[in-house]
Amino acid sequence: MSVTGLDSADAKVQRSRLTLHDSWHRGFHSKLARRFVAATVLCSSIVALVMTAVQLYLDYQRDLSTLDQSVRRIERALVPGLSESVWLLDETLIRRQLDGMALIDGIEYARVVDADGVLASVGTDEGRLSYWHQISLTHLSGTEQIALGRLEVRVSYSNAINRTLQRATLVFATNAMKMLLVAGCILIIYHVLIGRHLTRMAAFASAYDPETPPVEFSLNRSTPSADDARRADGGEKQSDTTDELGLLEAAMNRWMTTNHDYLTKLRDANREQAEFTYALSHDLKSPTNTMGMLIGELEEYGDHDEDNHVMLHDMKMTNRRMKKLIDDVLNYSRIVEERRKFEPVNIDRLVEEICTDLAADIAQAKATIACSTSTVLFGHPMQMRALFQNLVANAVKFRHPDRPPRIEITSVETPDRLTITVADNGIGIEKEHHEKVFGLFQRLHVHSTYEGSGLGLTICKRIVANHDGTIALGPGIDGGTAITMSFRVGSNDQQN
Amino acid sequence: MTNKIKLAMLIDDEMIDQKQYQRALQRSGLVDEIMTFTYAEDALAYLADNPDVEVDVILLDINMPRMNGFEFLSAATDQLGSGFAKIVVAMLTTSLDPEDRRRACEFEVVREFMNKPLTFDQIEHITQLLPDVAA
């Protein structure tokens, strides 16, 4: 992603104004914020519920004790009067006194009972949520206490319960409302204080491309220490590095700079090495050429016998080998350094062209090459050419002595991978050598049997790596070799 | 009176180099018989199959396809053990890497580490190593 791309993504997030509505909207749509709020509110609700339950219970107990007090008041204040009325058998008075009693909150039924039965009663005996309370009625005559009967009252606590229920309903309703409001507020606060900074950092981190030069990342937060620093510094936004977000911000910037430095060093080292290799091989070509000329001169015009003739021939072959080696090293160093300049490459057409180039060798070996990929690979045209040329030339070179070489190039396409296989029916490669052959200057045969510098497969491996692919060896046709290359298709389509 | 090498074995993948060693050895007059191998595994197979054949000197190259010099030493020591140790082996190589010299000297059988090309002085030096073995 280009620098501007990174910048605009970040700026977009920053520019979204810090309005209440916007904060609420963003907070609401943040999974993290929702979880945070849910946990916080749940916690606070549970605590509130417990506290409220305790309080309601205490209130209820208080109501019950108030009832108790009413009954005791009856006992102390009203019972003596009632006793007198019963002694005097004044029915109207008894009734009136009972009426008075019934008015007291909590008393729903009162009656006077003596040896013969109920003398008088007031109220309704519903019998729900209530209990009987009996007080004996006595009359003091001289020194004797005469038992007259008893007063039975029904004390109802249904009122107390109703009141408690009402209180509970009210408390829970208000708590629910509070919970919703607080949840909304927390969403907003979370977004303003934490959420938006996390989002910015996440967006920045995902868009980070180590290839581009680092842009300083700043959260531009307004915290007390940042404000102080800004005032002291004269207006420029400062970063507060004393809290977690600040530390993360500073760390991210540090990482980016370190990354960039390392990458620059790596690139420089690579380039230097490639340049050195190139220069070295280039300079080696000169003496090699001179040698070749001198040997040729000796061969043609020198005075020599049979032995010398053989030796001169060996010299010529060895010098030629050196030349080829230098050329191969030059090629390799070029491929290592090459920048990505990708285009769509038609594999079938490429193989056709390669077959034309290698026509002489192919005809001499009586080789048949069947290419049926019908695919287009997004890559570096010259490197692709070198890759397939190497593979086809190898397949022809390492043919089996008993049969004409047959080469089959096929491909498999899946949504995210393109796999191309070059299979031959040649002499094959033993499994124990599969890893070795990709190494630098690694060969499996002496020069008298098969020529080569040991760089062919190394170059192929490097080209495949340049295209973000993998390369592997496997069994080919009739004991031959198959080379399978697998490329990631998605990334290859990116225009760089 | 210098000792003579009765049988020298050359293990080097490059035919042209082998021809040169043969010339040098023959010219020195210090060697009776020479055997050559271009693949180390072939030399190993020969040694394993012919335990009574006494090879005085093996001139061993390092960089060879399939089995290189060090792999040969390792495999030979494992397979042939003490019998192998009686033979004088000299590494003959183009390598200037001191690490290669160090690695070679870890093998008991390696009595000398020489750089190519093979000179008369080097051949004479090898013959002088032989009395140690006989003793």
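All chains are named by letter (A, B, ...) in the order of the sequence lines, taking the proteins before the strands, and each is independently numbered beginning at 1.
- Going from atom CG of Asn63(B) over to atom CD of Gln442(A) covers 8.0 Å, rounded to the nearest 0.5 Å.
- Counting non-hydrogen atoms of neighbouring residues, nucleotides and ligands closer than 6.0 angstrom, the NE2 atom of His309(A) reaches no more than 12 such neighbours.
- Comment: Glu432(A) does not engage Arg66(B) in a salt bridge, judged by the lack of any side-chain N to carboxylate O separation of less than 4.0 angstrom.
- We find the CG-NZ distance between Asn68(B) and Lys436(A) to be 6.5 Å, quoted to the nearest 0.5 Å.
- The candidate from Lys19(B), Glu14(B), Gln20(B), Met67(B) with the greatest count of non-hydrogen atom pairs under 4.5 Å with chain A is Glu14(B).
- Shown here is His313(A), whose NE2 atom has no more than 12 heavy atoms of other residues, nucleotides or ligands within 6.0 Å.
- Within a 6.0 Å radius of CZ in Phe276(A), other residues, nucleotides and ligands contribute 12 heavy atoms or fewer.
- Once rounded to the nearest 0.5 Å, the distance linking CE of Met311(A) with CD1 of Ile16(B) reads 11.5 Å.
- Annotation for Glu451(A): atom CD does not count as buried by contact number, only 12 or fewer foreign heavy atoms lying within 6.0 Å.
- Note that CE of Met15(B) is 10.0 Å distant from OG1 of Thr449(A), once rounded to the nearest 0.5 Å.
- When heavy atoms are compared at a cutoff of 4.5 Å, Val310(A) approaches chain B solely by way of its side chain, counted from C-beta outward.
- Interface remark: His445(A) contributes backbone and side-chain atoms alike to the contact with chain B (heavy atom separation under 4.5 Å).
- Gln364(A) CD: 12 or fewer foreign heavy atoms inside a 6.0 Å radius.
- Heavy-atom neighbours of Tyr262(A) OH from other residues, nucleotides or ligands within 6.0 Å: at or below the threshold of 12.
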